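Any value given below was found using the heavy atoms of this structure, including those in side chains, with hydrogens, waters and symmetry copies removed. A, B, ... follow the sequence lines: proteins, then strands. Residue 1 opens every chain. For clarity, every value in this text was computed on a predicted model and none was experimentally measured.
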There are 2 protein chains.
Amino acid sequence: VNSTIETMMQHVSVRNFSATPLTKETKETLVRAAQSGSSSNFVQAYTLLDITDSAIRNELADISTCPAYVKKSGAFFMFIADLYRHATILESAGKPLDNIRTMESLIVAIVDTTIAAQSFVTAAESMGLGICYIGGIRNNMKRVAELLDLPPYTVPLFGMTVGKPVTRNEVKPRLPLKNVLGENTYNREQMTDMTEYDKITKAYYSSRQTNATNTTFSQKMVNFFKDVRRPDVGNFLKQQGFILK
Amino acid sequence: VNSTIETMMQHVSVRNFSATPLTKETKETLVRAAQSGSSSNFVQAYTLLDITDSAIRNELADISTCPAYVKKSGAFFMFIADLYRHATILESAGKPLDNIRTMESLIVAIVDTTIAAQSFVTAAESMGLGICYIGGIRNNMKRVAELLDLPPYTVPLFGMTVGKPVTRNEVKPRLPLKNVLGENTYNREQMTDMTEYDKITKAYYSSRQTNATNTTFSQKMVNFFKDVRRPDVGNFLKQQGFILK
């Protein structure tokens with residue numbers, strides 16, 4: 001196992017950063033690394049916004065309900081799934097936008113943006129920086145779109161806080177390989193048998209150094225999916241011009 | 001710039017592989033690297049299937065219309081966005097599945113699966129292997145789901161072909177930084193001005209060693225979005241139990 005993979009295996013989401021701003025050079029290296037990944041038919045359907053305005057950043061932090069580490073880190077980026085660029089190209093050529101607006105195009109844009117984000121993450125971590133994905137900005141996508149002046153055919157997918165870690169959590173035990181890796185067809189029993197993982201996670205959650213609790217993966221999932229989360233996502237996507245069917 | 005980032009910046013999609021199968025150890029290293037990435041609320045909403053059955057692989061290759069390099073490489077994996085595991089946990093606990101079926105949950109699963117995939121890719125490339133994402137399996141998701149015996153609340157998102165490269169394409173020039181990186185708000189003029197990139201891509205496409213053509217990024221996008229692509233994606237997602245609103 002080489003040093004790239006060793007660093008990846010040490011990944012944790014960092015929630016306590018130094019306030020020292022990243023340099024312009026570091027930011028540009030991270031964005032170029034983000035761009036280096038694959039893109040479906042090379043459409044490159046994403047835009048990154050470097051949030052340097054503290055009023056905007058503070059409101060994004062409040063929306064995300066992760067105030068501390070969204071407000072204080074080396075930088076905060078927004079990752080926007082973006083087909084507006086393509087829409088303007090089509091409009092200039094006098095072509096209809098129907099094929100921009102489809103479920104397939106939306107999936108392409110979400111996948112492209114996430115490929116870029118995870119490349120950004122690996123590059124940051126290879127430089128000794130830490131990151132946390134901030135999906136919490138989807139708590140109020142409409143307001144985020146207003147704040148960032150987003151045009152149609154764009155989706156604020158997640159934020160990313162990045163900087164020097166002050167403290168790091170322990171690496172969490174992942175699902176056992178047998179639960180996430182199958183051969184040829186989906187074996188329902190194999191993929192859903194949580195017996196082993198619930199034991200592993202019970203031991204992990206009860207003994208971890210911070211926030212120790214008596215729970216398991218299964219219990220956490222029951223709790224997590226109990227409440228309605230972000231019921232306005234579909235309406236927001238429609239407002240942005242996508243046809244969800 | 002360190003060696004991890006250097007390798008990332010050399011990324012190209014590989015479309016010509018050695019047929020030598022990856023070892024079990026290599027495959028497991030790649031899957032563990034895939035699992036090392038972030039996951040929204042640690043739901044880990046993905047499953048990988050290692051397609052070793054040549055009849056299944058050949059049909060997936062035909063569906064994807066990338067027959068050569070899906071059939072012949074070191075391995076072919078399917079990446080499945082997967083909330084079925086969570087659905088069975090909720091069902092065992094006697095809880096309703098409403099919050100599994102939302103647009104938000106579908107986005108979480110697509111993002112989680114893509115984070116895992118791009119981690120898999122970076123690990124593979126750090127080992128000297130090459131990859132190609134195979135979004136073409138979405139040409140017929142219904143048939144792919146039958147072939148792989150996929151349960152509800154799962155989506156075959158893309159395939160991944162991986163192995164030793166026999167030939168490699170040139171690295172393609174990405175969008176200029178100014179078009180994909182903004183500050184604070186979305187500057188429509190800045191993000192959509194393709195003047196510079198169309199010049200760059202015209203030079204690239206006309207002079208590249210294979211498939212030289214007289215075109216630009218803008219022309220390619222007009223051509224790409226001219227045809228309806230994968231109009232059944234929305235219906236398939238509904239069939240799998242998602243409520244797209």
(request) Check A/R188 against B/P152 and note the closest heavy-atom contact, atom names and distance. (result) NH1-CD, 4.2 Å
(request) Let me know if A/S92 has heavy atoms under 4.5 Å from chain B in its side chain, its backbone, both or neither. (result) neither
(request) Please look at A/F76 and chain B and tell me whether the side chain, the backbone, both or neither of the residue comes under 4.5 angstrom of a heavy atom of that chain. (result) neither
(request) Below 4.5 Å from any heavy atom of chain B, which atoms of A/M127 appear? Answer side chain, backbone, both or neither. (result) both
(message) Is B/K226 close to chain A through its backbone or its side chain, or both, or neither, when contacts mean heavy atoms under 4.5 Å?
(response) backbone
(message) If I measure from the heavy atoms of chain A, does B/F242 come under 4.5 Å with its side chain, its backbone, both, or neither?
(response) neither
(request) Side chain from CB out, backbone as N, CA, C, O: work out which of these in A/L60 comes under 4.5 Å of a heavy atom of chain B, or both, or neither. (result) neither
(request) Side chain from CB out, backbone as N, CA, C, O: work out which of these in A/D193 comes under 4.5 Å of a heavy atom of chain B, or both, or neither. (result) neither
(message) Please classify the contact of A/L147 with chain B as side chain, backbone, both or neither, using a heavy-atom distance under 4.5 Å.
(response) backbone
(request) Report yes if the side chains of A/M103 and B/N235 come closer than 4.5 Å at any heavy-atom pair, otherwise no. (result) no
(message) With a 4.5 angstrom heavy-atom cut-off, is it the side chain or the backbone of A/I131 that approaches chain B, or both, or neither?
(response) side chain
(request) Taking the side chain as every heavy atom from C-beta outward, state whether A/N99 and B/F224 have any pair of such atoms under 4.5 Å apart. (result) no
(request) Pick one of side chain, backbone, both or neither for A/A123, based on which atoms fall under 4.5 Å of a heavy atom in chain B. (result) both
(request) Kindly state each residue pair satisfying ring pair (Phe, Tyr, Trp, His ring centres under 6.0 Å) with at least one member in residues 33-53 of chain B, sequence neighbours excluded. (result) none
(message) Need one label for B/I134: side chain, backbone, both or neither, based on atoms under 4.5 Å from any heavy atom in chain A.
(response) neither
(request) Check whether any side-chain heavy atom of B/K245 lies under 4.5 Å from a side-chain heavy atom of A/L244, and answer yes or no. (result) no
(request) Go through B/V1, B/T29, B/I80, B/D82 and name the one with the most non-hydrogen pairs under 4.5 angstrom from chain A. (result) B/D82
(request) Taking the side chain as every heavy atom from C-beta outward, state whether A/L177 and B/E28 have any pair of such atoms under 4.5 Å apart. (result) yes
(request) Side chain from CB out, backbone as N, CA, C, O: work out which of these in A/R138 comes under 4.5 Å of a heavy atom of chain B, or both, or neither. (result) side chain
(message) Using 0.5 Å steps for rounding, measure from the CD1 atom of B/I56 to the OG1 atom of A/T185.
(response) 6.0 Å
(request) Would you check if B/T88 and A/M191 make a side-chain contact, meaning some heavy-atom pair closer than 4.5 Å? (result) no
(message) At a 4.5 Å cut-off on heavy atoms, which part of A/P173 comes close to chain B: side chain, backbone, both, or neither?
(response) backbone
(message) So for B/F217, is it side chain, backbone, both, or neither that comes closer than 4.5 Å to the heavy atoms of chain A?
(response) side chain
(message) Please classify the contact between B/I243 and chain A as side chain, backbone, both or neither, with a heavy-atom cut-off of under 4.5 Å.
(response) neither
(request) Return each pair, listed once, that meets side-chain hydrogen bond (donor to acceptor under 3.5 Å, both in side chains) where at least one residue sits in residues 30-39 of chain A; pairs must be two or more places apart or across chains. (result) A/S38-B/H11, A/S39-A/D112
(request) Please flag which part of A/F79 lies under 4.5 Å from any non-hydrogen atom of chain B: side chain, backbone, both or neither. (result) neither
(message) So B/R230 and A/T102, do their side chains get closer than 4.5 Å, heavy atoms only?
(response) no
(message) Given heavy-atom pairs under 4.5 angstrom as the criterion, report whether the side chain, backbone, both or neither of A/I51 touches chain B.
(response) both
(request) Name the region of A/M221, side chain, backbone, both or neither, that has any atom closer than 4.5 Å to a heavy atom of chain B. (result) both
(message) Return the CG to CG distance between B/D53 and A/N184, rounded to the nearest 0.5 Å.
(response) 5.0 Å
(request) Answer whether the closest heavy-atom distance between the side chains of A/T122 and B/T4 falls below 4.5 Å. (result) yes
(message) Within the structure provided, determine whether B/I89 and A/F225 are in side-chain contact (heavy-atom separation under 4.5 Å).
(response) no
(request) Measure A/N2 against the heavy atoms of chain B and call it side chain, backbone, both or neither at under 4.5 Å. (result) side chain
